[in-house]
Structure formats: structure tokens, C-alpha cells
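Reviewing the structure listed below.
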Amino acid sequence: MMNQDILDLEYKTLHVVMKMELDGVKIDVKKCKETLKQLKKFNEKLIRQIQAFTEDEINLESPPQLNKLLFETLQLQPEIDKVGKNGCYSTDKSHLKKLIDKHEIVPLLLDYRKTISLINFCKQLQNVNPITKRLHGQFNQSGTATGRFSCSKPNLQNIPNVKLNDGEINELIILESRFREMFIPKKGCQFICADYSQIEIRVVTDMSQDEYLLKAYTTKDTNGKNLDVHRLTASEVFNIKYSEVTDEQRSIAKSINFGLIYGKTAFGLSATLTEITGKHHSKEQAEVIMSKYFQRFSGVKTCLDSLIDFADTNGYSETIYGRRRPIPQLSSSKLSERNAGKRLAMNSPIQGTAADIIKMAMVACDEQIKTKNLKSKLVLQVHDELLFEVPDDEMEVMETLVKNTMENVVRLSIPLEVGLDKGHNWAMAH
DNA sequence: CTTCTCACG
DNA sequence: ACGTACGTGAGAAGG
């Protein structure tokens, strides 16, 4: 039986979600069509270039046919890779990237894949409702294992999110960066986009009461700004001064911090290290870093262990607010299944608590908007982010309302921080 | 119906 | 010895 608090939360959320679906979101269909045209042109060119390497036409969507082309006709070496269930070498992005210098067809294939994916996004975004002229995705409130939403028809939670660097010249990346620009507020309105900063790591901090994580979120640096968790992690793990952490070290620390949320192993970390640094890292090297991490962040270690213990004795995991997820894998006779169960036992309370918090925030924002008689509307939720369509004359009130409501909807032992952005499209570029 | 690939958090 | 990072949805191919 579900915890009554969570049940109440779901009932309140239901109402908010219903309005969000009915209101929908406005799409710049013109921009979408123009982008589609350019993508199709780009795609046709790529097909011509790729087919130049093949005798007879092959279907690029077919992994077996692509395998034949790459590893038989063109004689590429599939690098130490294992075969999948169909006896194929994987040709996904990460594997193709390793072959990028081996043959000129590889970058073409990568671009081809991207254009196909972007073309499909274009097609989906044009399906606006003929009456409302807006796009009404379905935010599925029940069904996920952790308490998150999912979204379908179309899925509005996986729209490409690419920020352009200055001087970017890659045409595909530029096209990709347009997708969030296609989401626009109705006339007389702007968007406010509010996202929780590192909410999952903050949840871990609260659950673990880890000394160093608490320090990261409660002390300020010399400029009066909050410490950067990843930088602090790097300085602890690599035994260096906070101010002397390099970008690469910070990046490694970041992948440790996110990895721990998923129950990453030394094997997985070694692969990440190899990718980040471009130099091979063994499992043993990764183990040294991991043990150093858990030695310093011993509160995190204790916390993760007790999450596993809890799920082991109860058969389910639980968020701070009492949302449960059954984890039958923990009693499996197969070790690999039990290990998978342990990862779920660590991850689910963390991801689930974050999901609980943003649901509470959605309800609280909705109540505030109602009592203040505002016309602002919630139009999208993307796990740790809320997008509001706000009339110009409500901008000022809404900015403080949204930020304060989200940051104070629950009281953890460290502050929750919300980043706020506003603009005339979802990309907030200008 | 399953597998692969790719987009998001 | 075992397999190796969690949670989603969409589209295409192949059995």
C-alpha cells in the first residue's frame, strides 16, 4: 500500500498535470518546417556520399547491413568489441566515434544518424492540435518505476538541448540548436524556465549527511559564491588545492559524483576515465580513485550501503517522503541480477526523492498562481525543470514566486537552488 | 515482439 | 564467477 503522503501528493499533482496537458504549448511551425527542409537536403547529400562507398544500395537503418559494410566490405577493425545478441558489432555513436579516423565514411554515418533523428523531431513537433493550434503532449503520471513522469505523443522531455558555442560552424549542430527555439510563448507572454541545480546530488547530501558534501553546499568561497561540488570532490580525491583543480580533474570528479548515483563500478569508471582523458585507464587505476573517494566521502558510502540494506530487508526501496519501489531482483539466485538490484536500491530513492520534490513544487506553484489570480501557466516539466508561459505584466511577480516556491517547497539540511531563465523561446538564446 | 539506436534528465 | 550506470519514448528493422 502506498504511503498516504505520496498518495495525496499524486492526487494534487493530477490536477496540475491535467491543466498542463490541456493548455499545451505553442510551436513555431514555420521554423520547424524550414528546419525540416534543410535537414532533408542535408540528409540526401549524406546518403549520396555514403552510397558512393557501396556496390549495391544498403539500408543504413539496419545494423546487420551496416556491419557488413563496415567490417566486411570496408575491412574496418571493430576494436576489442563484443558482439550483441544478433551477432553484430555495435555501431552506436560511442563505437563509431572510436573508428572516426579509420575511414571517411564514419563521420558521414554519424551525421546521417543525427539528421534522421532530428528529422523525426521535426515531424513530431508539427502535429499541433487543429483547434488549439498548440502541441499537447501526454504527461504520464503513473507508470515509471521511480516516480518520475514520462511523456509521449510526442515526448516533450527529450527535445535536443544544445547550447551553441561562439563561432560554431558545424551546420548540423546549428540546426540541432534550433529545436528548443521552436517552443514559443503566446502573444504578450514570455517563458520562465526554472531548473533545480544538481538536485540529485543535493538529495544524496541530505540523505547521507556527508561532511564534505554538506561543506560544499553550505560554505562560500572567497568571492562569496557557493563552492562547486565537483571541484571540491576533485580537490579531495586528487589531494590538491580547491583553486588548483584543472578542468579535466573537475570533469572526472563530476562523472564520479553522477556515477555514484547510479551505482557505478570501477570497471565503468575506468571506461569513463579513458574517454575523458583520451588515455587508457585500467580498472585498477579506477579502483584507486574510487576508494580514495569513499575514504573521503565516507558518509556517502555508509548511506549507499544502508540503502541496499533497507531494500534487502524490506524488498523495496523508499524515498525520503515514502515513495516505494519493489526490488525483487535482490532475491534473485543470479549474482548479476542481485547486483543490478543493488544499483536500483541505491538509485531509486535518490531519483525518486527528486521526483517527489518537483511534484510538490508543481502543486505549490499552481496554488500560488491561483491565490494570486495570475494567468501564468505551467506548460512543460522535464524532471528537474519547469517551463511557465507568463504574461508580460506578470513577469516580475512570477520570477520571485517560482524561484521562492521551488526553493522552499521542502526543507532539506542544505539549501535547494533554482536557476531561472526567461525569454521568447525555450532556448532562451536572446 | 524484440533489438538497436538516439534524444532527454 | 558475473557483468559492469539509473530512468524514460520513438522509429526502424528483422524474426
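Numbered from 1 within each chain, the chains take letters A, B, ... in sequence-line order. The shown structure was predicted, so the numbers you read here are calculated from the model rather than taken from an experiment.
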Selected nucleotide, minimal atom distance to [X] side chain, candidates [options]:
{"X": "A:Thr146", "options": "B:dA7, C:dG7, C:dT4", "value": "C:dG7"}
{"X": "A:Thr144", "options": "C:dT8, C:dT4, C:dG9", "value": "C:dT8"}
{"X": "A:Thr265", "options": "C:dA5, C:dC2, B:dT5", "value": "C:dA5"}
{"X": "A:Ala145", "options": "B:dC6, C:dG7, C:dT4", "value": "C:dG7"}
{"X": "A:Ser62", "options": "C:dG14, C:dC6, B:dT5", "value": "C:dG14"}

Applying a 4.0 Å non-hydrogen cut-off, can you work out what [X] is touching in the nucleic acid: base, sugar-phosphate, or nothing?
{"X": "A:Phe149", "value": "nothing"}
{"X": "A:Arg148", "value": "base"}
{"X": "A:Lys93", "value": "sugar-phosphate"}
{"X": "A:Asn158", "value": "base"}
{"X": "A:Thr91", "value": "sugar-phosphate"}
{"X": "A:Ser152", "value": "sugar-phosphate"}
{"X": "A:Glu61", "value": "sugar-phosphate"}
{"X": "A:Arg338", "value": "nothing"}
{"X": "A:Asn59", "value": "sugar-phosphate"}
{"X": "A:Leu344", "value": "sugar-phosphate"}
{"X": "A:Cys88", "value": "nothing"}
{"X": "A:Ile261", "value": "nothing"}
{"X": "A:Gln65", "value": "sugar-phosphate"}

Testing the 3.5 Å rule here: is there a donor-acceptor pair between the side chains of A:Glu318 and A:Asn3?
no

Could you tell me which nucleotide pairs with B:dC8 by Watson-Crick or G-U wobble geometry, both distances under 3.5 Å, or answer none if nothing does?
C:dG7

Identify whether NZ of Lys or CZ of Arg in A:Lys359 sits under 6.0 Å from the centre of the six-membered ring of A:Phe149 and within 45° of that ring's axis.
yes

Check for me whether A:Lys301 meets the cation-pi criterion with A:Phe294, that is, NZ or CZ under 6.0 Å from the six-membered ring centre and within 45 degrees of the ring axis.
yes

State, yes or no, whether a side-chain contact exists between A:Met406 and A:Leu416 at a heavy-atom distance under 4.5 Å.
no

By a 5.5 angstrom centroid cut-off and a 30 degree plane limit, is there stacking between A:Tyr262 and C:dC6?
no

Tell whether A:Ser150 reaches the base of C:dT8 with its side chain through a donor-acceptor pair below 3.5 angstrom.
no

Rounded to the nearest angstrom, tell me the gap between atom CD in A:Gln124 and atom C1' in C:dG9.
9 Å

salt_bridge(A:Lys422, A:Glu399) N-O dist < 4.0 Å:
yes

One thing to verify: whether A:Glu389 and A:Lys377 come together as a salt bridge, which I'm taking to mean a side-chain N less than 4.0 angstrom from a carboxylate O.
no

Distance check, P atoms only: C:dC2 and B:dT5, in whole angstrom units.
25 Å

How far does the C1' atom of B:dC1 sit from the matching atom of C:dA5, given to the nearest Å?
27 Å

